[in-house]
Amino acid sequence: MMKKILIIQGNPVSPSYNGAIAEAYRKGAVQAGAEVRMITLNELDFNMNLAGGYRNKLPLEPDLLEAQEAIKWAEHLVWVFPIWWGGPPALFKGFIDRIFMPGYAFKYHKGKLFPDQLLKGRSARMITTMDGPNWYYKWFQGEPAHKMMKISTFALTGIKPVRITPVDLVGKQSEEQRKNWLEKIEQLGRKLG
């Protein structure tokens, strides 16, 4: 059975190593027979600021409506983004703020502590890049971006399981090391997970 995979590439810089990683995963998934769609956040036209919060919501721009449809379509979501200052770039966070809205990703009911998880039935993989060592990010910084996505975003909305592939020391890697990582990511794509 063909798997539907959506890759969301969240680096605001183009071209980027994150773009190469997203393409490597796409290539592997297509080779494995998956149907793949890709969203490159820096190509979308939308206001990153959730001005007015949930009470006075901005109407979603066409690019965000299409992104919501793509997420609903997908069985597996692959999120590729850099870690900057311990978290994702503002573009990435703004995308999450704008599309993971009540009524789309989750729904609270009066008197219930936890919301309905409206994105159940989807799994995810995060592939993150960072210049520092992953052990430092994990043990000293506490993995804030990974936890934000896995616990505060995916768990709340029903997306599971979530796997994480951290690519560290990116700025210090040789071209050979970068190519090796791209080959590993392509293999992940072939495994459709």
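The model shown is predicted, which means the values in this text are computed figures rather than measured ones.
- F92 and V80 fall into different hydrophobic clusters, defined by Ile, Leu, Val, Met, Phe, Trp and Tyr side-chain heavy atoms under 4.5 Å apart, directly or through other members.
- Surrounding CZ of F140 are at most 12 heavy atoms belonging to other residues, nucleotides or ligands under 6.0 Å away.
- For K120, the NZ atom counts as loosely surrounded, since its 6.0 Å shell holds 12 or fewer non-hydrogen atoms of other residues, nucleotides or ligands.
- Summarising the geometry, atom CD belonging to Q68 is positioned 9.0 Å from atom CG belonging to L119; distances are rounded to the nearest 0.5 Å.
- Rounding to the nearest 0.5 angstrom, the gap separating the CG atom in L60 from the CD1 atom in I99 is 8.5 Å.
- Considering CD1 of I71 and CD1 of I159, their distance stands at 7.0 Å, rounded to 0.5 Å.
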- Give the C-alpha distance, both sets of side-chain angles, the deciding distance and a yes or no for side chain to side chain contact (heavy atoms under 4.5 Å, CB included) between I21 and W181. CA-CA 8 Å; I21 287 171; W181 264 112; over 6 Å; no
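- The hydrophobic clustering, which links ILVMFWY residues whose side-chain heavy atoms are closer than 4.5 Å, places L192 and M38 together.
- Summarising the geometry of P59 relative to R98, their closest heavy-atom pair is O-NH2, 3.1 Å, with the distance given to 0.1 Å.
- Centroid-to-centroid, the aromatic rings of F154 and W79 come within less than 6.0 Å.
- Counting heavy-atom neighbours within 6.0 Å of K179 NZ, excluding the residue itself, gives a total of 12 or less.
- Proximity of Q173 to N180: side-chain heavy atoms (C-beta onward) are nowhere separated by under 4.5 Å.
- Using modelled atom types, no side-chain atom of Y25 and backbone atom of V78 make a donor-acceptor pair closer than 3.5 Å.
- Considering all non-hydrogen atoms of both residues, A70 and I39 come closest at CB-CD1, 4.2 Å.
- Scanning all heavy atoms of the two residues, the minimum distance from G10 to P89 falls at O-CG, 3.9 Å.
- No donor-acceptor pair under 3.5 Å is formed between the side chain of Q9 and the backbone N or O of N18.
- At a threshold of 4.0 Å, the pair E186-R190 counts as salt-bridged, since one of the basic side-chain nitrogens sits closer than that to a carboxylate oxygen.
- Here the closest non-hydrogen pair linking A32 and G189 is CB-O, 4.4 Å.
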- side chain to side chain contact (heavy atoms under 4.5 Å, CB included) assessment of W84 paired with N11: CA-CA 10 Å; W84 291 354; N11 193 324; 4.0 Å; yes
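- Here the shortest heavy-atom pairing between Y104 and L118 reads O-CB, 3.3 Å.
- To the nearest 0.5 Å, the span separating CG on D97 from OG1 on T153 amounts to 8.5 Å.
- Here the side chain of Q177 pairs a donor or acceptor atom with the backbone of S174 at under 3.5 angstrom.
- The distance from atom CG of D116 to atom CG of L156, rounded to the nearest 0.5 Å, is 10.5 Å.
- Inter-residue side-chain proximity for L64 and F95 is flagged as met; some heavy-atom pair is nearer than 4.5 Å.
- L44 and L58 fall into different hydrophobic clusters, where Ile, Leu, Val, Met, Phe, Trp and Tyr residues are linked whenever their side-chain heavy atoms come under 4.5 Å apart, directly or through other members.
- You'll find the side chain of I96 reaches within 4.5 Å of the side chain of M149, heavy atoms only.
- A cation-pi arrangement, defined by a distance under 6.0 Å to the six-membered ring centre and an angle within 45 degrees of its axis, is absent between K138 and W135.
- Closest approach of L6 to A74, counting heavy atoms only: CB-CB, 3.7 Å.
- Note on V13 and L41: separate hydrophobic clusters, where clusters join Ile, Leu, Val, Met, Phe, Trp and Tyr whose side-chain heavy atoms are under 4.5 Å apart, directly or indirectly.
- Distance alone, capped at 3.5 Å, is enough to place a donor-acceptor pair between the Q117 side chain and the A155 backbone.
- Within a 6.0 Å sphere centred on NZ of K172, other residues, nucleotides and ligands contribute more than 12 heavy atoms.
- Note on W73 and M101: separate hydrophobic clusters, where clusters join Ile, Leu, Val, Met, Phe, Trp and Tyr whose side-chain heavy atoms are under 4.5 Å apart, directly or indirectly.
- Residue pairs that meet the side chain to side chain donor-acceptor pair (under 3.5 Å) test with at least one member in residues 36-52, sequence neighbours left out, do not exist here.
- The pair E23-R26 counts as a salt bridge, with a side-chain nitrogen and a carboxylate oxygen less than 4.0 angstrom apart.
- R163 places no side-chain N or O within 3.5 Å of a backbone atom of R125 that could act as its donor or acceptor partner.
- Side-chain contact check for F81 versus T128: some heavy-atom pair is nearer than 4.5 Å.
- Two residues are said to be in side-chain contact when any heavy atoms from C-beta on lie closer than 4.5 Å; P88 and M148 meet this criterion.
- In this structure, Y136 contributes its side chain and Q141 its backbone to no donor-acceptor pair below 3.5 Å.
- In this structure, R122 and K72 have side chains that are in contact, with non-hydrogen atoms separated by less than 4.5 Å.
- Side-chain contact between F46 and L91 is present, with at least one heavy-atom pair separated by less than 4.5 Å.
- Residues satisfying the side chain to side chain donor-acceptor pair (under 3.5 Å) criterion with S123, sequence neighbours excluded, are H76.
- With R178 contributing its side chain and V170 its backbone, the two residues share a donor-acceptor pair below 3.5 Å.
- In this structure a side-chain-to-backbone donor-acceptor pair under 3.5 Å is present from D168 to N134.
- Looking only at side-chain heavy atoms (C-beta outward), P133 and L169 come within less than 4.5 Å of each other.
- Under a 3.5 Å cut-off, the side chain of K3 and the backbone N or O of E75 do not form any donor-acceptor pair.
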